[in-house]
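Comments concern the structure below.
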Amino acid sequence: MAYDFKSIEKKWQKIWEKEKLYKTDVNDFSKPKYYVLDMFPYPSGAGLHVGHVEGYTATDCLARMKRSQGFNVLHPMGFDSFGLPAEQFAIKNNKHPGPFTDKNIEQFIVQLKKCSFSYDWDRVIKTSDPKFYKFTQEIFLSMFDDKLAYFDARPVNYCKELGTVLANEEVIDGYSERGHYPVTRIMMQQWILKITAYAEKLLEGLDYLEWPSSTIEMQKNWIGKSTGVEIVFDVYNSKDSFTVFTTRVDTLYGCTYVVLAPEHKLVDKLTTKECKKQVEKYKQECSKKSDMERTELNKDKTGVFIGSYAVNPINNKKVPIYIGDYVLASYGSGAVMAVPCHDQRDYEFAKKHDLPMIQVLEGDVSTCAYVEDGKHINSEEANNLNIEMAKKVITEKLVKMNKGKEKVNYKLRDWLFSRQRYWGEPIPVVHLEDGSIIGVDKKSLPVVLPDLDSYAPLGDGQPPLARATKWVNVKIDGKKGKRETNTMPQWAGSSWYYARFIDPHNENEIGEKRLLNHWLPVDTYIGGTEHAVLHLLYARFWHRYLYDKGVFSCKEPFKKLYHQGMILGSDGNKMSKSFGNTVNPLDVIEEAGSDSLRLYEMFKGPLDQSLPWSDKGIGGAYKFLDRVYRLFTDEFYVSKWSNESEDKLEYIYNFTVKKVTSDYEILHFNTAISQMMILVNEFYKSEKLPKYMLQGLVQMLAPIAPCVCAECYQLLGNKDYIDFAKWPTYDEKKIVKDEVTYAVQVNGKLRTTLKYKINIDEKEKQELQNEVLKLEELQKFIQNKPIRKVIIVVNKIINIVI
RNA sequence: GGCUUUGUGGCGUAAUUGGUAGACGCGAUAGACUCAAAAUCUAUUGCCCGUGAGGGUGUGUGGGUCCGAGUCCCACCAAAGCCACCA
């Protein structure tokens with residue numbers, strides 16, 4: 001290895017640290033601001049991962065370029081330091097998780113510094129710091145006051161292995177997102193945030209964002225807005241009625257039965273004596289099934305008749321009432337109208353229970369094939385109408401009869417916000433003896449986590465905090481009460497941390513209003529796609545709430561979002577201890593330096609792509625940096641340095657500055673690097689090396705390989721820091737050539753090329769055509785066949801059609 | 001089942017957005033330097049036929065639009081991600 005990256009990197013990292021070169025003066029409004037942020041890591045004991053390095057390098061490149069371009073850049077790092085591994089460590093070793101976490105954070109910081117990231121280290125925050133979670137609690141209290149946080153009994157996702165309840169977003173196919181343990185539904189009193197109140201706002205906010213379309217799509221799906229009609233069905237021979245929700249009101253004439261969820265509140269009342277036995281039996285079976293079983297068995301549409309009938313309001317027909325667990329109690333009104341001819345599920349249920357079917361849309365419905373659109377039949381006033389018109393007509397009729405109204409439903413459920421854990425923010429409320437719940441006085445925040453003798457759950461469902469009896473029992477205004485012993489989920493701190501970086505030492509408020517207004521939103525946010533709904537949805541919710549409260553002045557927290565791909569093991573598998581295919585960034589830095597590591601990760605392909613790690617690739621990155629470094633140290637090349645320009649390099653240099661600048665802006669680092677490689681290849685062939693071009697090269701490369709470029713910049717005789725040197729510019733005139741190469745085709749096949757003047761007019765086009773037709777190498781293709789047409793696209797191509 | 005994205009050499013990928021496909025890098029082959037090796041430099045490198053000049057063919061498959069398609073349209077195949085009994 002030729003160039004001494006070790007001493008170079010050590011030298012520059014030391015200078016940055018000593019000079020506090022990347023400290024941001026947030027009060028300096030004289031320059032335009034740029035806020036570039038990484039999704040902050042959980043400080044695990046395993047330390048930094050090559051996957052972290054990829055995203056962090058991308059943001060670091062952006063930060064470094066923006067500094068050079070005259071922006072006041074905020075580029076901070078923090079730690080999502082509440083979390084499960086620390087809790088498990090605490091339980092196992094019976095030690096407080098705090099010091100354990102702090103040790104991991106220290107280790108992380110050492111590693112991040114070795115990667116040459118340009119963070120402002122005076123702004124490090126951690127969510128487990130009481131100075132930080134004071135405000136997490138304050139936001140919660142504010143939501144509590146606004147009735148957006150409530151304590152309620154409901155079926156919740158409970159994970160026995162993890163010993164806690166989980167949010168819907170944390171449950172995947174009946175298993176916990178973390179650890180993949182089974183999750184069951186049980187009734188429990190829990191803290192819930194009313195995110196559903198923000199469903200529409202969260203949907204609308206997506207319009208302002210420059211996010212990957214797939215992520216926007218996922219959020220839309222998760223919110224799951226559907227517009228339809230709520231229809232009242234009276235129970236036959238009874239004063240009772242219930243509503244169903246449908247998006248296909250146009251098929252109402254095809255409704256031949258209705259199905260209630262087994263948990264529907266009218267089921268017991270409407271069940272007749274004759275059916276009581278089978279209904280009770282069915283309900284029991286359902287309650288025994290886990291969510292997982294319910295969905296796994298989705299091909300089998302089970303259910304039973306409850307003996308009563310309902311009246312279809314559109315035609316007064318009597319239809320039987322069934323219960324079936326394919327109808328979910330938690331969505332819509334927990335009841336559906338069944339149209340077996342035009343709904344797959346209803347069709348399956350009807351077949352199984354031998355129920356009648358009425359076709360109301362033309363077309364083949366023998367297998368309930370989906371009918372795109374068409375004329376309605378058997379539908380009275382809706383006959384001959386298409387779906388849209390039929391919906392309109394039938395809705396109007398129902399509204400007139402007072403039997404229906406338009407309704408919007410969302411799949412989004414409220415956010416289950418409490419966890420039976422120790423290592424999280426205490427929920428700052430007190431349960432009084434009279435059963436009422438009050439928030440603690442804002443002035444007494446933070447409610448600090450008490451130390452415990454043991455951090456294990458009590459085993460009776462009570463959270464570990466219940467052990468701290470002295471802490472739990474309080475007296476407020478003479479009334480006895482108990483503190484809440486559940487804690488907040490890990491998502492709490494990460495729902496607003498990005499705002500804290502702006503004014504991290506402010507003890508009175510989240511941040512000084514003037515500063516928050518100036519610095520928010522985050523301009524560019526980079527992190528993994530795994531948070532597409534979880535963190536990114538929660539943070540948008542909190543942000544929008546705080547916007548409504550006037551704390552923030554913008555509606556959305558993250559303007560631009562990118563996801564970095566995953567770095568796989570060299571075997572193509574996900575990197576993990578069990579595969580033994582992990583790569584430790586520190587090992588790579590030890591061997592080839594952080595500059596090479598960063599260059600490799602940015603060059604290997606598009607940022608959002610998941611690619612396997614390659615040792616060979618690192619070698620290639622190192623080779624390129626060595627090649628650059630030699631231009632500044634090898635006598636042979638240094639002797640070619642020149643204070644004048646070199647005509648032969650003008651085009652390629654100016655073009656490179658243009659391309660690299662625009663590619664960085666859109667995070668296309670791989671193509672920017674390849675362009676710089678082309679430039680370096682040209683430098684190697686050149687007789688003269690203009691110093692300003694050498695300087696431009698290292699300035700452009702510095703965001704990716706900051707240490708070796710800082711060194712080269714100094715070798716050119718510069719006394720200032722490369723980090724703030726004005727970003728290289730290009731001359732548009734130098735990029736325009738006076739000659740262009742035309743591709744000459746015959747019948748669309750490339751036959752030859754021709755150099756010609758650039759930007760020709762109509763008359764010159766004719767001249768070019770004449771010239772082309774005379775070209776000797778084309779004669780054998782043209783032969784004597786008649787020429788039908790000659791197409792000339794200026795500066796690009798000539799196609800002769802024969 | 002629904003939605004979204006992707007399919008290009010031995011490998012990672014690029015393509016001015018409808019205009020010379022394979023830039024750049026890795027790997028490979030040959031040569032220079034060296035006692036030798038490493039490093040470095042130079043050349044070649046999609047596939048097929050041909051000693052060669054040259055020709056043919058080629059961006060998952062099949063069709064279509066167009067003077068011209070990796071790019072646009074239709075159908076299909078494959079992979080990845082998300083959602084999923086959401087009425």
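Proteins get letters first, then strands, A, B, ... in listed order; numbering begins at 1 in each.
Between A:F603 and A:F624, the distance from one ring center to the other does not fall under 6.0 angstrom. A ring-centre distance under 6.0 Å is found for A:Y637 and A:Y684.
A:I735 is listed as a side-chain neighbour of A:Y730, based on a closest heavy-atom distance under 4.5 Å.
Backbone-only contact: A:I678 has heavy atoms under 4.0 Å from sugar-phosphate atoms and none from a base. Looking at heavy-atom distances under 4.0 Å, A:S214 makes contact with sugar-phosphate atoms alone, never a base. At the heavy-atom level, A:N221 lies nowhere under 4.0 Å from the strands shown.
Contact between the side-chain N/O atoms of A:N681 and the OP1/OP2 oxygens of B:rG25 is found at a separation under 4.0 Å. At the phosphate of B:rC67, neither OP1 nor OP2 sits under 4.0 Å from any side-chain N or O atom of A:K749. Distances shown here put a side-chain N or O of A:R630 below 4.0 Å from the OP1 or OP2 atom of B:rC41.
Taking the six-membered ring for Trp and thresholds of 30 and 60 degrees, A:Y3 and A:Y629 have ring planes inclined between 30 and 60 degrees apart.
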Heavy-atom protein contacts under 4.0 Å, nucleotides 42-49 of chain B, coded B base, S sugar-phosphate only, - none: --------
Once each nucleotide of nucleotides 9-15 of chain B is scored for protein heavy atoms under 4.0 Å, what B/S/- sequence comes out, 5' to 3'? ---BSS-
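Of the N and O atoms on the side chains of A:S226 and A:N409, not one donor lies less than 3.5 Å from an acceptor on the other residue.
Legend: salt bridge (charged side-chain N to carboxylate O under 4.0 Å, His left out) pairs involving residues 748-760 of chain A, not counting sequence neighbours, sorted by first then second residue: A:K757-A:E764.
When every heavy atom of A:A532 is checked against every heavy atom of A:M218, the shortest pair comes out as CB-CE, 3.3 Å.
Nucleotides B:rG25 and B:rU17 have their P atoms positioned 24 Å apart, rounded to a whole Å.
For the side chain to side chain donor-acceptor pair (under 3.5 Å) with A:W491, the qualifying choice from A:E169, A:H531, A:E170 is A:E170, the only one to do so.
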